[in-house]
K.L.:
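Structure below; questions to follow.
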2 protein chains.
Amino acid sequence: MKTAPDTPADLSAQIASELRDLIVSGALIVDARLPSEAELAEQFDVSRPTIREALKRLAAQSLIRTERGAFGGAFVNRMSYGEARAQLVTTSTLLLTMNEVDFDTACEARFALERACAPMVAARRQDSHLGVMRSEIARQRSPGLSDEAFCASDVAFHLALTDGAENPILSYHLAGAIEAMQPLMNMITYSARSRSRIIDCHEAILSAAEARDGDGIDAGLDRLQNYTSDLAHLVMTERAARKAARAASPDSSPLNQMEKPK
Amino acid sequence: MKTAPDTPADLSAQIASELRDLIVSGALIVDARLPSEAELAEQFDVSRPTIREALKRLAAQSLIRTERGAFGGAFVNRMSYGEARAQLVTTSTLLLTMNEVDFDTACEARFALERACAPMVAARRQDSHLGVMRSEIARQRSPGLSDEAFCASDVAFHLALTDGAENPILSYHLAGAIEAMQPLMNMITYSARSRSRIIDCHEAILSAAEARDGDGIDAGLDRLQNYTSDLAHLVMTERAARKAARAASPDSSPLNQMEKPK
DNA sequence: GACTTTTAAATGTCTGACAAATGAAAACTG
DNA sequence: CAGTTTTCATTTGTCAGACATTTAAAAGTC
């Protein structure tokens, strides 16, 4: 199933791809030094700028790092959790915002993944996790909180919950699912009443986590998913109504809709 | 906690970061055309090669695409599922292989996420999904199958299962979790007996999916996780024993040299 | 009007050069 | 000789300019 590109890719893309394969396959191990740009240019029979573009592509994916100076060069980079997470969040966010993914689909996926943490959270959560969740709930109660700040705190709460599973790989994947939803969540206006209901869910989840009650966490997340979904529907019908009301105005706003593609 | 870089980043990295923010924030919408390289060079007051390196960084993350010719240029790229998936798999794979993540942690995360699909698969799976799963099980029964091919078929089986949830966002996340495990799974040697047991699990999962039995899928995945974990432990202890037995032999592995193309 | 040619704009690539950083070796000093 | 300073080679970062290639619109031709 090899790619037979109709239009042969750029040289820098081809070279980046070859080097990427060497790294992913393990032929080049962590901290291994790649040949200098001049040597690579000679080996691949291209000019140095072309090699540099290839290396920048790899650097953008955190596959290599470069050091200047005498014994510097390009080195295979150890993929850190932080870098991996940043990549994942960027990619997931754009996947959601650019593809008219309907809110329910994204929401369902996110909460399904989050519920997967429940049993482990119940078994392993530490006081530190509960502490973060508690303080985020307190923040969410602040009267003057903007919708964006409320959402950010919501994300922090859920990340703390998933961290409670004490599985960094799971936390990594969940960060992608949860943080990527933030732009979509930010489109919702949270009234005092809706905030209160969300906080109720958070408290139920926190209590269940304290009691090491996996099913309770699950139930709390389920309630939260349903309510979030309802809220989003409300916002969308409201928005659609407003739009229909002034259908004459040439509203060419490029805002991404959250509508179902099917 | 804003960027206070101890070592100021490269110009191309800074510029790439600025443009990336514009895209992620939505200031540049899908298919929007960026200024030409010459214009960008003038705007940022840098040379064209520097701008090009910045653009290549963005291209490597599938944030932009470039088209040649008059009225060509760099355009904001719609993040497709395929591109997002490829990015995710690369990142996740390297995260696992470069960080000495222990097998149980990765395995636990992967199966936890996969179990999250079970209820949705039970509710929505189509005959096409069952068909793929069935044919992959058949392939896994082939006598001459290499360990790598067996693993690949295993991955295909599980991807078909998760696709059964009929939620593309969920499939995207699961692809990252499942495919990233393949290098780790490839380190295991699958005896005829162990293959048989794995296939048993697959059949149990398939039957449960046919019967729309979510708990059955869950149970099958749980069994599979336990058995996979046991297998991995066996391989590890075996390998450790072999290594200890011939601790004196100076196995000088031939270093991976970069081969010259062309 | 349909087809062909021209042309302008843009990316892809190359050459050559210089600046800046960096660590190692050489030179120097006490 | 020990310790410090200087020099220096290597490598990445950046720039300027040029040419090749691609592409679609514009102009020209029948």
Side-chain angles (χ1 to χ4, degrees), chain A residues 3 5-20 22-23 28 31-78, chain B residues 3 5-20 23 28 31-78 257-258 260-262:
Chain A
T3 55
D6 43 357
T7 58
D10 299 346
L11 281 177
S12 69
Q14 292 176 234
I15 293 168
S17 180
E18 285 193 39
L19 294 175
R20 178 163 38 241
L22 290 179
I23 295 174
L28 291 172
D31 290 336
R33 180 180 176 281
L34 275 64
S36 73
E37 294 175 355
E39 288 171 323
L40 285 172
E42 196 181 358
Q43 288 184 21
F44 285 99
D45 198 31
V46 296
S47 68
R48 210 180 129 220
T50 301
I51 288 293
R52 280 183 63 79
E53 287 177 9
L55 293 180
K56 294 314 167 202
R57 294 179 115 109
L58 299 179
Q61 294 180 297
S62 301
L63 293 178
I64 63 170
R65 64 177 185 281
T66 54
E67 295 173 13
R68 297 178 69 169
F71 282 63
F75 298 85
V76 178
N77 188 41
R78 161 164 277 120
Chain B
T3 57
D6 43 356
T7 58
D10 300 341
L11 282 176
S12 69
Q14 292 175 232
I15 293 168
S17 180
E18 284 193 39
L19 294 175
R20 177 162 39 239
I23 295 173
L28 291 172
D31 290 336
R33 181 181 176 280
L34 276 64
S36 72
E37 295 175 353
E39 287 169 323
L40 286 172
E42 196 181 356
Q43 286 183 25
F44 285 98
D45 197 32
V46 296
S47 67
R48 191 156 83 98
T50 301
I51 288 292
R52 280 183 63 78
E53 287 177 10
L55 294 179
K56 293 315 169 202
R57 292 178 118 109
L58 299 179
Q61 294 179 298
S62 302
L63 293 178
I64 62 171
R65 63 178 186 281
T66 54
E67 293 172 13
R68 298 180 66 171
F71 293 76
F75 297 84
V76 177
N77 188 41
R78 160 164 278 120
Q257 286 291 32
M258 304 252 326
K260 303 180 169 78
K262 191 169 168 188

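Residue numbering restarts at 1 for every chain, and letters A, B, ... go by the order of the sequence lines. Given the structure is predicted, the values throughout are model-derived calculations rather than measurements.
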K.L.:
Provide the closest heavy-atom pair for B/Ala60 versus A/Ala60 in the form atom of the first, atom of the second, distance.
P.N.:
CB-CB, 4.2 Å
K.L.:
Rounded to whole angstrom units, what separation is found between the CD1 atom of A/Ile51 and the C1' atom of C/dC14?
P.N.:
13 Å
K.L.:
Which pair of heavy atoms, one from A/Leu55 and one from A/Ile64, lies closest together, and at what distance?
P.N.:
O-CD1, 3.4 Å
K.L.:
Kindly write out the residues that satisfy side chain to side chain donor-acceptor pair (under 3.5 Å) with B/Glu18, not counting sequence neighbours, or none if the list is empty.
P.N.:
none
K.L.:
Pull out every stem in DNA chain C, meaning runs of 3 or more consecutive Watson-Crick or G-U wobble pairs with both distances under 3.5 Å.
P.N.:
C:1-30 with D:1-30
K.L.:
If you measure from CG on B/Leu63 to CG on B/Leu28, what distance do you get to the nearest 0.5 Å?
P.N.:
10.5 Å
K.L.:
Could you go through residues 65-77 of chain A and list every donor-acceptor pair under 3.5 Å that involves a side-chain atom there, pairing it with any protein atom two or more places apart or in another chain?
P.N.:
unit_1  : atom_1 : unit_2  : atom_2 : d
A/Arg65 : NE     : A/Glu67 : OE2    : 3.4
A/Arg65 : NH1    : A/Asp31 : OD1    : 3.3
A/Arg65 : NH1    : A/Val76 : O      : 3.2
A/Arg65 : NH2    : A/Asp31 : OD1    : 2.9
A/Asn77 : ND2    : A/Ser62 : O      : 3.3
A/Asn77 : ND2    : A/Glu83 : OE1    : 3.2
A/Asn77 : ND2    : A/Glu83 : OE2    : 3.4

K.L.:
Measure the distance from CD1 on A/Ile15 to C1' on C/dC14 and round it to the nearest whole Å.
P.N.:
13 Å
K.L.:
Quick one: which residue pairs count as a salt bridge (charged side-chain N to carboxylate O under 4.0 Å, His left out) with a foot in residues 48-58 of chain A, not counting sequence neighbours?
P.N.:
A/Glu37-A/Arg48, A/Glu37-A/Arg52, A/Arg52-B/Glu53, A/Glu53-B/Arg52
K.L.:
Specify the closest pair of heavy atoms between A/Ile15 and A/Ala54, including all atoms of both residues, with the distance to one decimal.
P.N.:
CG2-CB, 3.8 Å
K.L.:
With sequence neighbours left out, what residues match B/Glu42 under side chain to side chain contact (heavy atoms under 4.5 Å, CB included)?
P.N.:
none
K.L.:
Where along nucleotides 11-20 of chain D does protein come under 4.0 Å, by heavy atom, of base (B) or sugar-phosphate alone (S), with - for untouched nucleotides?
P.N.:
BBBBB--B--
K.L.:
Rounded to whole Å, please give me the gap between CG in B/Leu58 and P in C/dT11.
P.N.:
14 Å
